[in-house]
Amino acid sequence: MIRGDQKKHIAKAAGLMSLATLISRVLGYVKDMILARFFGATGTADTFFVAFRIPNLLRELFAEGSMSAAFIPVLSEYQTKHGKEEAERLVRITFTFISVIVGSVCVLGIIFSPAIVAAIAPGFLSMPGKFSLTVVLTRVMFPFLLFVSLAALVMGALNTRRVFFVPALAPALLNVTIIAAVLLFAYGIEQPILAVAIGVTAGGFTQFAFQLPSFFRNRYSLKPEYGFRHPGLKKMALLVMPATMGMAVAQINIFVSTILASYLAEGSITYLYYSMRLIQFPIGMFGVAMGMAVLPALSEHAVKGDYDRLREDFSFAIRLLFFITIPAMAGLIALREPIVNILFQRGEFDYEATVGTAQALLFYSIGIWSVVGVRMVTVSFYSMQDTKTPVKVAVVALAANVLLSVVLMQPLKHSGLALANSIASVINFLLLFMFLRKKLKRVDGRRIVSSFMRSLSAAIPMGLGGGMLLHGKLWQESGYTIQKVIYLGGTMAFCVAVYFSLSYLLKSEEFAYVLKMVKQKFRG
């Protein structure tokens, strides 16, 4: 495959995954709107968000994060060197292994839920009712971990066969199931928040089951096979341990915020949750999608020892990623309060909650570019089956986050926790980029920096213009949804037009490439 075709393939795969992620994120925001309507920024909402972070942490450790780090590069290697049949056997063995190990973790988690909740939300211990409800929710949601781990296995296997859209769309089923559970059961049970927890577990199963038809069409099987001495599984285990530690460090950053926020004013945890959800939109839609799309290609280059193409594909992917996410960052900063208002301000979620969430969103948004950058650089290390370097750097970033959180939470409250997270993410990216450059000898650094500055130069005027257009008391009030949607949608369209126009004037390579692909699409 010539290099131009490889770039086109990466961009197309990332585009398909971004489309699927967009669908999932939109449904996710519908889910969040429903949760905000039912539960607001109350103590009950805090219990769910604390409880959900436990299986969500383990999902990152055992599922999407570590699975991508270890499973895809090793499976790509076996598929390239040993053929598809041996790769399919490795998938069966891995399925059996995950079922046994993660299933056992779920059982232990259900048993020891009280101790886990006490560890991550010690501020709840002085409120027995809040503590006991969090324990119940945690126990209901623990099986979600097994289902989503199996879903991640299926996703990784499909990605190595260059199937991206169906796995990326699967998380949408999680959101659909949670929405259905709340609407069907929340009115009929004593603790309505329990309906959300039931939806999470059921959604994990649907996320797994949705991918199975495509999985089976690609000749994979879930027939149990107990060859736990398989060298491929051993290699994955060696890679997954440091990868899991790296994911653990990333999640500990979130748990640090949770622990500290449990000592702040009621609603602080909810403000952080909803603002984090909003920045996850560009991170998931572009950062995660690009990382998943480029990982199989980078892994193949690494297996073949073709580091020139690995460097070139990495440079192309991160430049395109910055071109897309920097304006998203500027847009969230400039339009933060109108966005939070239109999505969440209804029912129990009042203007005070909107302000609190928008404040956190401002400081989280500052670090969006570095978060997606970390994902892209980390994927490059994973493609070379180096999972240790990202862990070492992540530990440094964790220490920075803890120190900054303690320092900044006093003057800035929950916003200080968000700012600390962003600064730590920037430190993480800069160190990782430096080590990748050392490992690969060169990484096209000047071109990447030049592209970054062009994107930033176009995004800043765009954000300032958009922010000036949306002012007034309308964004302090609830209701007027249609009017707000028109105003916000029109302003966003204006911002996109400004950004593209400035990118053209600044002679952005990435804008020229995107424009070329769009023209080819319409001609075809």
Side-chain angles (χ1 to χ4, degrees), residues 32 36 40-43 45-46 49-50 53 120-124 249-283 326 328-341 343-345 349-374 394 396-430 456 460 463-464 467 470-471 475-476:
D32 287 343
T42 62
D46 284 351
F49 295 132
V50 168
R53 278 182 180 166
I120 70 162
F124 286 6
V249 169
Q251 287 297 308
I252 288 170
N253 279 324
I254 297 175
F255 275 89
V256 167
S257 297
T258 301
I259 292 169
L260 295 175
S262 71
Y263 290 102
L264 296 175
E266 189 170 88
S268 295
I269 292 173
T270 302
Y271 300 153
L272 292 171
Y273 171 81
Y274 282 121
S275 56
M276 177 64 78
R277 288 284 294 154
L278 286 168
I279 70 160
Q280 286 298 325
F281 185 83
I283 290 171
I326 287 174
M329 173 188 74
L332 281 175
I333 292 172
L335 309 178
R336 60 190 182 278
E337 196 165 304
I339 290 172
V340 175
N341 175 287
L343 286 176
F344 305 126
Q345 190 173 314
F349 199 100
D350 56 16
Y351 179 63
E352 182 182 352
T354 292
V355 172
T357 304
Q359 289 171 346
L361 178 58
L362 166 63
F363 292 108
Y364 271 138
S365 296
I366 293 171
I368 287 176
W369 69 272
S370 59
V371 174
V372 297
V374 165
V396 175
L398 170 62
N401 183 55
V402 173
L403 177 62
L404 290 167
S405 293
V406 172
V407 171
L408 295 174
M409 70 178 288
Q410 292 302 321
L412 297 176
K413 308 303 179 187
H414 66 281
S415 297
L417 302 179
L419 179 58
N421 186 277
S422 291
I423 296 173
S425 178
V426 172
I427 293 171
N428 196 356
F429 171 74
L430 294 176
L456 188 62
I460 290 174
L464 291 174
L470 292 183
H471 275 298
W475 303 105
Q476 299 177 15

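This one's a predicted model, so the numbers in the text were calculated from it and none came from an experiment.
- Heavy atoms of other residues, nucleotides or ligands lying less than 6.0 angstrom from CD of Q476 number more than 12.
- A donor-acceptor pair is defined here as one N or O able to donate and one able to accept, closer than 3.5 Å; such a pair exists between the side chain of S275 and the backbone of L272.
- Distance check, rounded to the nearest 0.5 Å: OG1 of T357 to CD1 of I339 gives 12.5 Å.
- Put simply, the side chain of H414 gets close to the backbone of G356: a donor and an acceptor are under 3.5 Å apart.
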Indicate every side-chain donor-acceptor pair of residues 358-374 with a distance under 3.5 Å to a residue at least two apart or in another chain.
{"residue": "S365", "atom": "OG", "partner": "L361", "partner atom": "O", "Å": "2.7"}
{"residue": "W369", "atom": "NE1", "partner": "I366", "partner atom": "O", "Å": "3.4"}
{"residue": "S370", "atom": "OG", "partner": "G367", "partner atom": "O", "Å": "2.7"}
{"residue": "S370", "atom": "OG", "partner": "S425", "partner atom": "OG", "Å": "2.9"}

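- Considering every non-hydrogen atom in both Q345 and T354, the closest pair reads OE1-OG1, 2.7 Å.
- Here F344 contributes atom CZ and T270 contributes atom OG1; the two are 11.5 Å apart, rounded to the nearest 0.5 Å.
- I259 CD1 to I269 CD1: the interatomic distance, rounded to the nearest 0.5 Å, is 10.0 Å.
- Contact annotation: the side chain of P282 approaches that of L332 to within less than 4.5 Å [non-hydrogen atoms, C-beta and beyond].
- In this model, no donor atom of one side chain and acceptor atom of the other lie less than 3.5 Å apart for Y271 and E352.
- Contacts classified as salt bridge (charged side-chain N to carboxylate O under 4.0 Å, His left out) and involving residues 271-282 (residues at least two apart or in different chains) are given here: D32-R277.
- In this structure, I460 CD1 and L456 CG are separated by 4.0 Å, a value rounded to the nearest 0.5 Å.
- Atom CG of L419 sits about 10.0 Å away from atom CG of N401, to the nearest 0.5 Å.
- I333 contributes atom CD1, which lies 10.5 Å from atom CD1 of I279 (distance to the nearest 0.5 angstrom).
- Put simply, the side chain of P122 reaches to within 4.5 Å of the side chain of Y263, judged on heavy atoms.
- The heavy-atom pair separating L408 from A420 by the smallest distance is CD1-N, 4.0 Å.
- Scanning all heavy atoms of the two residues, the minimum distance from V407 to P411 falls at O-CD, 3.3 Å.
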